[in-house]
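Quick notes on the structure that follows.
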Amino acid sequence: LGVGGANYGTDGQVLTSAGAGAAAAWEDAGGGGATVTQFTGTGTWTKPDGAVFVRVIVVGAGGGGGSGRRGSAHSHRVGGSGGGGGGHVENTFLASDLASTTTVTVGGGGAGGAAVTGDDTDGNNGSDGGDTTFKDDTTGNSGVVILTGVGGSGGPLGNNGWTEGG
């Protein structure tokens, strides 16, 4: 009990009312909480018991940045560009429309462009990031991909920054 006999309830309770003129009462909050599963690598998602809706969010891996041009002292050189971000896709499904288990494939980040060692040499492009997928592997669906976050593009190389006229 609180100050002057007031009742503040306990952890996990909510204040409820039965309507006008009725005394408020503390009651256990009850179920209904969300279950969140996060994947940082490839794995299997299992549908929670009693789920009604399932919110799926997939993000493709980012592309690697391009390496810069190497040049001799006082020469014109430009750094490589950053890789593109991975695509983000999300959707809410009826839990009954999903298999009890689903394969989650998490794409790997793109590699940066290899450094160059010789003067007056353009850099190298970065590689693309991998796709992230949420895939139904039940027999009747033959591995149908439900959602895909496409990986980002690799960044372009650095060069001398000059453009030839045409």
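Position 1 is the first residue of the sequence; numbering continues from there.
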>> Side chains of T92 and R55: any donor to acceptor distance under 3.5 Å?
In response: yes
Is it true that a side-chain atom of [X] and a backbone atom of [Y] form a donor plus acceptor pair closer than 3.5 Å?
X    : Y    : value
K47  : A95  : yes
T42  : V106 : yes
T121 : D119 : yes
D131 : G151 : yes
K135 : V104 : no
S67  : A114 : yes

>> With rounding to the nearest 0.5 angstrom, report the CG to CG distance, L147 to D136.
In response: 11.5 Å
> CZ/R70 to OG1/T117 distance, rounded to the nearest 0.5 angstrom?
Replying inline: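 Rounded to the nearest 0.5 Å, the CZ-OG1 separation comes to 6.5 Å.
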Is there a side-chain contact between [X] and [Y], using heavy atoms and a 4.5 Å cut-off?
X    : Y    : result
T148 : F134 : no
D122 : N159 : yes
N125 : L157 : yes
T46  : S100 : no
D97  : F53  : no
I146 : L98  : yes
V116 : N124 : yes

> Does a sphere of radius 6.0 Å around CG in D49 hold more than 12 heavy atoms from other residues, nucleotides or ligands, not counting ones at 6.0 Å or beyond?
Replying inline: no
>> Counting only heavy atoms not in F39 (residues, nucleotides, ligands), do more than 12 fall under 6.0 Å from its CZ?
In response: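 Yes - once you tally the heavy atoms of other residues, nucleotides and ligands closer than 6.0 Å, there are more than 12.
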>> I'd like to know whether T103 forms a side chain to side chain contact (heavy atoms under 4.5 Å, CB included) with W45, so could you lay out the CA-CA distance, the side-chain angles of the two residues, the decisive distance to 0.1 Å, and finally the verdict.
In response: CA-CA 6 Å; T103 300; W45 172 80; over 6 Å; no
>> The test is side chain to side chain contact (heavy atoms under 4.5 Å, CB included); show your working for H88 and I57 and say whether it passes.
In response: CA-CA 7 Å; H88 168 269; I57 302 169; 3.6 Å; yes
>> The test is side chain to side chain contact (heavy atoms under 4.5 Å, CB included); show your working for V58 and T132 and say whether it passes.
In response: CA-CA 6 Å; V58 293; T132 296; 4.0 Å; yes
>> Testing the basics here: between G107 and A61, what is the closest heavy-atom pair and its distance to 0.1 Å?
In response: O-CB, 3.4 Å
